[in-house]
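Everything quoted here is computed from the prediction, not taken from an experiment. In the text below, chain A, chain B and the rest are named by the order of the sequence lines, each starting its count at 1.
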Amino acid sequence: MAVKDYLRERFFPHLWCPGCGHGMVLNGLVQAIEKLGVSRNEIVMVSGIGCSSRITGYVDFHTLHTIHGRALAFATGVKMSRPELTLIVPMGDGDALAIGGNHFIHAARRNIDMTAIVMNNRIYGMTGGQFSPLSGENVSATTAPYLTIDPSFDVVELSKAAGATYVARTTTYHIKQMQDIIRQAILHEGFSVVEILSQCPTYFGRKNKAGSAVDMVKWYKKNTTPIGSKAKKENPELVERGIFVQEERPEYCKQYEKIVQTAMKG
Amino acid sequence: MSDNVKFVQGNEACVEAALYAGLDFYAGYPITPSSEITEGLSYRLPQIGGKFIQMEDEIASLCAIIGASLTGSKVMTATSGPGFSLMQEALGYAIMAEIPCVIVDVQRGGPSTGLPTQGSQGDVNQARWGTHGDHAIIALTASNHQDVFAVTVEAFNLAETYRTPVVLLFDEIVAHMRERLVIPEPGEIPLVGRLRTSVKEGVDYHPYLPREDGRLPMSDFGGVHRYNVTGLFHDMWGFPSSEPQIVHGLLRHLVDKLENRVNQLAWFKEYYLEDAEHLLISYGSAARSARHVVEKRRLRGERLGFLELQTLWPFPTDIVRDKCAHVKSVIVVELNMGQILQAVKLAVDQPEKVFLVNRIDGVFITPTDILNLLRLIQGKGV
């Protein structure tokens with residue numbers, strides 16, 4: 001099937017700003033799914049609120065655009081009742097880890113089989129450029145006119161600690177790696193977290209003099225490095241990308257099946 | 001005692017009814033005084049191949065059952081005041097996206113943590129107005145276990161018929177009291193199943209285009225029709241829209257589908273209304289004492305009537321106005337500061353003849369409490 005068959009062209013043009021990284025994530029995601037060859041009828045995509053969450057409208061799957069921060073909770077209900085379906089949950093950084101932080105850690109703890117994609121642009125775009133828990137310190141935002149003092153979560157470390165069994169990070173520059181990481185995340189049986197650094201030239205870029213969208217994507221090239229690379233040892237400031245965790249642990253719905261079997265025996 | 005006669009708590013009656021109604025999926029979070037529902041279903045649901053999950057909070061519980069409902073499951077969650085407060089945003093989502101689901105609120109004293117183990121009927125207005133924006137809602141209640149069973153089954157039927165969340169407003173007293181329950185035979189109470197679209201694969205399916213009778217056939221997630229569900233105002237495909245005509249049309253649809261059927265949705269019981277001079281109106285646990293007073297005073301020849309409301313929302317305004325038309329006074333008995341009293345006052349032609357008899361101290365209202373105030377209202381002194 002062609003990539004465009006996964007898109008709802010009826011609902012284009014999309015609402016993302018020129019230069020926004022989220023379209024590149026959409027591209028990488030659809031390419032990954034196309035390679036997997038999963039039927040569109042078997043995919044449920046659940047999102048919350050924010051720029052990133054509008055991605056559900058543009059893809060031709062079963063799509064559930066929910067409320068702010070709660071996408072993983074809705075997705076848990078879908079997956080528990082129909083475990084054979086493939087669940088993909090794209091979220092923004094604020095959506096996933098501010099208002100949605102509790103659901104994020106509990107979905108990871110359960111190791112329920114779904115793919116959480118954190119589209120991290122380090123800013124609340126939809127509401128006009130306020131800082132998020134992933135902005136980090138010394139960032140300019142509309143709610144940080146004197147720069148941020150809030151330290152950032154490390155999505156990878158948080159996911160590992162919470163129990164996610166697949167944890168990866170990539171960027172919108174590394175589109176081939178993004179496709180491969182998403183493909184493996186979907187194939188992984190358990191809770192998968194994929195953090196994708198995605199540029200917001202309109203707010204983060206403009207407020208922090210990060211240049212154009214192209215400049216911001218180039219920044220990802222320059223400031224990230226494969227996990228454990230020599231460059232990382234020489235320059236600890238570099239952000240590592242790649243697959244950090246890929247391990248087997250009993251999956252939640254499979255475990256529940258055992259409960260059903262026990263209960264049915266009486 | 002035959003197998004279908006039980007001596008149970010109200011919460012257990014709710015569990016039995018949910019299973020009778022065909023519950024497939026339950027998500028919940030522990031909270032007094034509703035926990036027996038969550039506990040009961042954690043045990044019973046997997047025995048019939050159903051699914052139970054204890055979520056991280058009440059917000060997640062309601063979100064999870066909404067997700068499960070979209071796959072075609074019959075779903076429920078149960079909570080009490082603080083948890084019901086947390087659920088309000090997702091409740092609005094279920095209204096907007098028209099997702100069948102049942103939400104039990106076993107009321108306890110509030111506000112805030114309030115009186116966790118004591119009875120109250122303080123969430124009546126929250127059920128009606130708790131979520132933001134104009135909307136309509138169905139809320140049912142019951143005063144005894146047989147009725148807990150009946151309204152719980154009805155809640156599932158209404159949720160499916162109207163594609164809407166239905167709130168069951170029980171209270172701690174009925175929930176924790178034990179009494180006899182007769183479980184009806186299968187088929188004795190008709191069940192409403194999911195109305196699914198007959199649109200064939202490959203043909204454009206409009207999830208939000210009502211049929212001529214106003215109903216919207218659904219298609220299960222995982223099925224052949226892929227569509228969008230959103231809490232934004234949306235068009236017939238479920239795609240976000242801010243077109244004034246679409247916004248207006250959708251809001252009217254969401255309100256009218258229930259408010260235009262008030263009489264059809266109204267469940268109530270009436271006693272001795274034909275010659276009543278004074279009419280008591282009550283619901284839930286308070287109705288037990290109110291009815292007792294009426295029965296006893298009737299034996300003495302006092303012309304008291306009793307109206308027990310089981311549908312609280314949409315409020316049966318015309319029915320209440322009609323029943324109150326020829327009485328000298330209307331006495332609303334409830335365990336709050338007059339939440340249904342206000343609805344009754346709005347309904348009747350002479351609001352000055354409507355009085356409140358209540359308790360707000362966590363103690364169950366007794367027939368004596370009611371009688372004392374009744375004598376004042378009747379002009380008989382204390």
Side-chain angles (χ1 to χ4, degrees), chain A residues 8 10-11 15 40-47 49 53-54 56-87 99-100 102-103 105-107 109-110 112 252-253 256-266, chain B residues 24-27 42-75 77 89-90 92-94 96-97 99 101 201 204 219-232 234-235 237-240:
Chain A
R8 288 176 176 146
R10 174 195 280 162
F11 301 127
L15 57 59
R40 290 174 298 178
N41 287 345
E42 289 166 20
I43 298 178
V44 180
M45 191 181 278
V46 187
S47 66
I49 294 294
S53 298
R54 291 302 188 94
T56 41
Y58 308 127
V59 288
D60 192 12
F61 307 126
H62 303 283
T63 57
L64 183 53
H65 177 236
T66 69
I67 54 179
H68 197 24
R70 320 296 175 197
L72 288 167
F74 283 86
T76 298
V78 175
K79 183 68 182 177
M80 270 290 277
S81 54
R82 291 286 301 274
E84 70 276 17
L85 297 176
T86 297
L87 270 291
I99 188 167
N102 197 29
H103 311 303
I105 57 173
H106 286 278
R109 175 179 62 81
R110 291 188 188 104
I112 189 163
Y252 193 78
C253 298
Y256 194 78
E257 275 311 307
K258 290 182 193 164
I259 285 184
V260 171
Q261 281 169 16
T262 308
M264 279 182 152
K265 273 184 217 149
Chain B
D24 300 298
F25 184 97
Y26 180 94
S42 73
Y43 182 69
R44 296 285 295 281
L45 264 178
Q47 292 178 337
I48 54 164
K51 305 286 172 71
F52 166 90
I53 186 167
Q54 182 169 314
M55 293 300 287
E56 52 272 21
D57 58 28
E58 290 89 345
I59 300 171
S61 300
L62 182 47
C63 294
I65 68 165
I66 292 170
S69 183
L70 279 163
T71 69
S73 299
K74 283 193 173 182
V75 301
T77 186
E89 187 190 8
Y93 184 87
M96 181 62 123
I99 313 291
C101 56
E201 183 172 8
D204 206 3
S219 176
D220 297 346
F221 270 24
V224 296
H225 298 294
R226 300 176 302 274
Y227 60 96
N228 192 50
V229 178
T230 179
L232 288 161
H234 47 269
D235 61 20
W237 287 284
F239 200 74

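Listed options A/Thr76, A/Ile67, A/Val260 were ranked by heavy-atom pairs under 4.5 angstrom with chain B; first place goes to A/Ile67. If you tally non-hydrogen atom pairs under 4.5 Å between each of B/Ala27, B/Ser73, B/Gly92, B/Ala68 and chain A, the highest count goes to B/Ala68. For the options A/Arg109, A/Arg110, A/Met45, A/Arg54, heavy-atom pairs under 4.5 Å to chain B are most numerous at A/Arg110. Counting heavy-atom pairs closer than 4.5 Å to chain A, the top-ranked of the candidates B/Ile66, B/Ile53, B/Ile65 is B/Ile53.
Not a single donor-acceptor pair under 3.5 Å links the side chain of A/Asp60 to the backbone N or O of A/Arg8. No donor-acceptor pair closer than 3.5 Å links the side chain of A/Thr63 to the backbone N or O of A/Gly57. Under the 3.5 Å distance criterion, the side-chain polar atoms of B/Asp220 are left unmatched by any main-chain donor or acceptor of B/Gly222. Under a 3.5 Å cut-off, the side chain of A/Ser81 and the backbone N or O of A/Gly77 do form a donor-acceptor pair. A donor-acceptor contact shorter than 3.5 Å links the side chain of A/Lys79 to the backbone of A/Leu85. Side-chain atoms of B/Asn228 come within 3.5 Å of backbone atoms of B/Gly238 as a donor-acceptor pair (strictly under, hydrogens ignored). Checking side-chain atoms of A/His62 against main-chain N and O of A/Glu42 turns up no donor-acceptor pair under 3.5 Å.
Residue contact with chain A, scored on non-hydrogen atoms closer than 4.5 Å, involves the side chain of B/Leu70 exclusively. For chain A, the nearby parts of B/Thr71 are the backbone and the side chain; heavy atoms of each come within less than 4.5 Å. The contact between B/Phe221 and chain A is made by backbone and side chain atoms together, counting heavy-atom distances below 4.5 Å. Contact of B/Ala97 with chain A is not made at all, since no heavy-atom distance falls under 4.5 Å. In this structure, chain B has a heavy atom under 4.5 Å from the side chain of A/Tyr256, while its backbone stays farther away. Contacts of B/Asp57 with chain A are made by side-chain atoms alone, with heavy-atom separations under 4.5 Å and no backbone atom involved. Of the two parts of A/Glu257, only the side chain, counted from C-beta on, holds a non-hydrogen atom closer than 4.5 Å to a non-hydrogen atom of chain B. Using a 4.5 Å cut-off between heavy atoms, B/Leu62 makes no contact with chain A at all. If you measure heavy-atom distances from A/Leu64 to chain B, the contacts under 4.5 Å come from both the backbone and the side chain.
Across all their heavy atoms, B/Ala60 and B/Met55 have their closest contact at CB-CE, 3.7 Å.
A tilted orientation is assigned to the rings of A/Tyr58 and B/Phe239, their planes being inclined by 30° to 60°.
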